[in-house]
Engineer: 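Just passing along the structure, written as structure tokens.
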Amino acid sequence: MQTDSPPLAQFAIAKKLLEWYDRHHRELPWRVSPAMARRGVTADPYHVWLSEVMLQQTTVQAVKPYFAKFLDLWPTVNDLADAPSEAVMTAWAGLGYYARARNLKKCAEAVARLHGGSFPQTEDGLKSLPGIGDYTAAAVAAIAFNVKAAVMDGNIERVVSRLYAIDTPLPAAKPLIRGRVAEITPEDRPGDFAQAMMDLGATICTPKRPACALCPFREDCLALAGHDPETFPVKAAKKAKPVRLGAAFVAIDDTDSIFLRRRQEEGLLGGMTEVPTTGWTARIDGETSTEAAPFPAPWQAEGAIVHVFTHFELRLSVYSAHVERRERDDGWWRAVANLDQEALPTVMKKVIAQAIPDAFKSRRQG
DNA sequence: AAATCGGGGGG
DNA sequence: CCCCCAGATTT
């Protein structure tokens, strides 16, 4: 089936979008204004790359404080390359998808030591770096280097699938959508075009109840012409989330410190800090639940926490005990008041807070 | 193509 | 409660 729009109409799409962007763009810490972009000014590649990695499957609001913290700690890619990995993981703690932090450090090292501190300016060059895939390579090339790259993320998939009423289910529709994006991406201001498409998806062409009356594409959108924009994009059905069970152990010594371990580098929460736990499929029967504790102690049940990961739900029974401090080679002790210096993922903060309710309050009482 | 990999906000 | 978010990597 041949449904290609004429080139003039494709150009008109970009023109409408950029005019909308000039009036409605969002101010974001890693952006240059459209006024500057029109004069050929491009954003700092380090800022663009850092923000794009943080924004992978992560909302703008969640990223903002982390972006500021990272720039404060490491103002340049060379500073990040020289930083201790533990410091990077600690700064990333809470943002999720921790492989991003490990790859961020590797990528900074590669840029600093193999590319003289400058990012590659082509999609292929960028994509060869750790943690940079199709999306991030295209986004950095377009936004930081003014390359006419076809940028495609979740927002753009939604906008384009509606604009052309593409009813092929995702992810099979991705090559189709990418072709459409390549068609409508302009030579001039490709970075602003990509950011405008994402702004449009975030503010107008939303997953539910899109504000079609305000959309610059309202006269072009085939889904709107069919009266059912909300039914796009079509997605494959997803599977149910299994439940895993386990127990976690918070040992507290007489200096108000708790015993911590480091998780293995690969896999779930790789390289992050944890309190000792059983395996996460173990069945807890109350009688034998403390057999997998790191050491014998008067373990006391403190209830349970629930944490939902991407592909399973975790229910951890929490136990605590006051113990005499003994140094061990499989972990270390850390004062509860200084837990912000640890790379603690959110599930572990939940566990510790369950055992020590005021552990993460700024003003703790003795 | 499917699975793995966090966490939070909005409807 | 469900859905989705400026996805990448491995199997």
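Predicted, not measured: the structure shown is a model, and the values here were computed from it. Below, chains carry the letters A, B, ... as their sequence lines are ordered, and counting in each starts from 1. The analysis underlying the following values was restricted to heavy atoms, covering all of them including side chains, and did not include hydrogens, waters or symmetry mates.
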Engineer: Whole-Å distance between B:dG7 P and A:Met54 CE?
Structural biologist: 15 Å

Engineer: Strictly below 4.0 Å, heavy-atom distances to any atom of DNA chain C: list the hits from residues 133-144 of chain A, or just say none.
Structural biologist: A:Gly133, A:Asp134, A:Tyr135, A:Thr136

Engineer: What is the distance, to the nearest angstrom, from the CD atom on A:Gln56 to the P atom on C:dT9?
Structural biologist: 8 Å

Engineer: With nearest nucleotides of DNA chain B determined for A:Lys208 and A:Gly94 from heavy-atom distances, which residue corresponds to the more 5′ nucleotide?
Structural biologist: A:Gly94

Engineer: Listed by chain and number, what are the ring-ring contact (aromatic ring centres under 6.0 Å, His included) partners of A:Phe232, not counting sequence neighbours?
Structural biologist: none

Engineer: Quick one: does A:Met152's side chain get under 4.5 Å of A:Val160's, heavy atoms only?
Structural biologist: no

Engineer: Check A:Trp74, A:Phe70, A:Phe67 against A:Trp92 for a ring pair (Phe, Tyr, Trp, His ring centres under 6.0 Å) and give me the one that passes.
Structural biologist: A:Phe70

Engineer: So what does A:Ile156 touch, heavy atoms closer than 4.0 Å: a base, only the sugar-phosphate, or nothing?
Structural biologist: nothing

Engineer: Would you say the side-chain atoms of A:Ser128 pair up with the backbone N or O of A:Gly125, donor to acceptor, closer than 3.5 Å?
Structural biologist: yes

Engineer: Looking at DNA chain B, which of residues 57-75 of chain A put a heavy atom within less than 4.0 Å of it?
Structural biologist: A:Gln57, A:Thr58

Engineer: In terms of side-chain heavy atoms, does A:Thr203 have a donor or acceptor partner in A:Arg26 at a distance below 3.5 Å?
Structural biologist: no

Engineer: Could A:Asp82 and A:Arg113 be called an ion pair, given the rule that one side-chain N must be under 4.0 Å from one carboxylate O?
Structural biologist: yes

Engineer: Could you tell me the separation between the NZ atom of A:Lys349 and the C1' atom of B:dG8, rounded to a whole number of Å?
Structural biologist: 14 Å

Engineer: Based on Watson-Crick and G-U pairs with both distances under 3.5 Å, what dot-bracket line describes DNA chain B 5' to 3', crossing pairs as [ ] and inter-strand pairs as |?
Structural biologist: |||||.|||||

Engineer: Working to the nearest 0.5 Å, report the span between CZ of A:Arg326 and CH2 of A:Trp333.
Structural biologist: 10.0 Å

Engineer: Between B:dC5 and C:dA6, how far apart are the P atoms? Round to whole Å, please.
Structural biologist: 23 Å

Engineer: So what does A:Gly201 touch, heavy atoms closer than 4.0 Å: a base, only the sugar-phosphate, or nothing?
Structural biologist: nothing

Engineer: When rounded to the nearest Å, what value does the distance between P atoms of B:dG8 and C:dT9 take?
Structural biologist: 24 Å

Engineer: Does OP1 or OP2 of C:dC5 have a side-chain N or O of A:Arg158 closer than 4.0 Å?
Structural biologist: yes

Engineer: Answer with base, sugar-phosphate or nothing: what part of the nucleic acid does A:Arg102 contact at a heavy-atom distance below 4.0 Å?
Structural biologist: nothing

Engineer: Do A:Asp253 and A:Thr255 pair up side chain to side chain, a donor and an acceptor below 3.5 Å, judged on atom types alone?
Structural biologist: yes

Engineer: Hey, are A:Arg31 and A:Gln195 close enough side-chain-wise for a donor-acceptor pair under 3.5 Å?
Structural biologist: yes

Engineer: Can you check the distance between C:dA8 and B:dG9, where both ends of the measurement are the P atom (answer in whole Å)?
Structural biologist: 23 Å

Engineer: Is it the case that A:Tyr135 and A:Glu52 place a side-chain donor and acceptor less than 3.5 Å from each other?
Structural biologist: yes

Engineer: Whole angstrom is fine here: how far is it from CZ in A:Arg100 over to P in C:dC5?
Structural biologist: 14 Å

Engineer: Looking at the side chain of A:Asp153, which of B:dG6, C:dG7, B:dG7 is the nearest nucleotide?
Structural biologist: C:dG7

Engineer: Using whole Å, what does the distance between atom P of nucleotide B:dG6 and atom NE2 of A:His307 come to?
Structural biologist: 9 Å

Engineer: Taking atom P of B:dG6 as reference, at what distance in whole Å does atom NZ of A:Lys350 sit?
Structural biologist: 14 Å

Engineer: Got a list of protein N/O to nucleotides 1-5 of chain B N/O distances below 3.5 Å?
Structural biologist:
from  : atom 1 : to       : atom 2 : distance (Å)
B:dC5 : OP1    : A:Leu268 : N      : 3.3
B:dC5 : OP2    : A:His311 : NE2    : 3.1

Engineer: What is the distance from CD of A:Glu157 to P of C:dA6, rounded to the nearest Å?
Structural biologist: 12 Å

Engineer: Can you list every side chain to side chain donor-acceptor pair (under 3.5 Å) pair that touches residues 302-312 of chain A, not counting sequence neighbours?
Structural biologist: A:Tyr97-A:Thr310, A:Glu302-A:Ser320, A:His307-A:Lys350

Engineer: Salt bridge or not for A:Lys15 and A:Glu19, using N-O below 4.0 Å?
Structural biologist: yes

Engineer: Does A:Leu344 or A:Arg209 map to a spot on DNA chain B nearer the 5' end, using the closest nucleotide for each?
Structural biologist: A:Leu344

Engineer: Salt-bridged, A:Glu313 to A:Lys241, with N to O below 4.0 Å?
Structural biologist: no

Engineer: Give A:Trp30 one of three labels, base, sugar-phosphate or nothing, depending on what nucleic acid heavy atoms sit under 4.0 Å from its own.
Structural biologist: base

Engineer: Grab the CG-C1' distance between A:Leu95 and C:dC5 for me, whole Å please.
Structural biologist: 12 Å

Engineer: Between A:Lys106 and A:Glu109, does any side-chain N to carboxylate O distance fall below 4.0 Å?
Structural biologist: no

Engineer: Heavy-atom nearest nucleotide on DNA chain C for A:Ala202 versus A:Asn103: which residue maps closer to 5'?
Structural biologist: A:Ala202

Engineer: Do the charged groups of A:Asp22 and A:Arg189 touch, with an N to O distance under 4.0 Å?
Structural biologist: yes

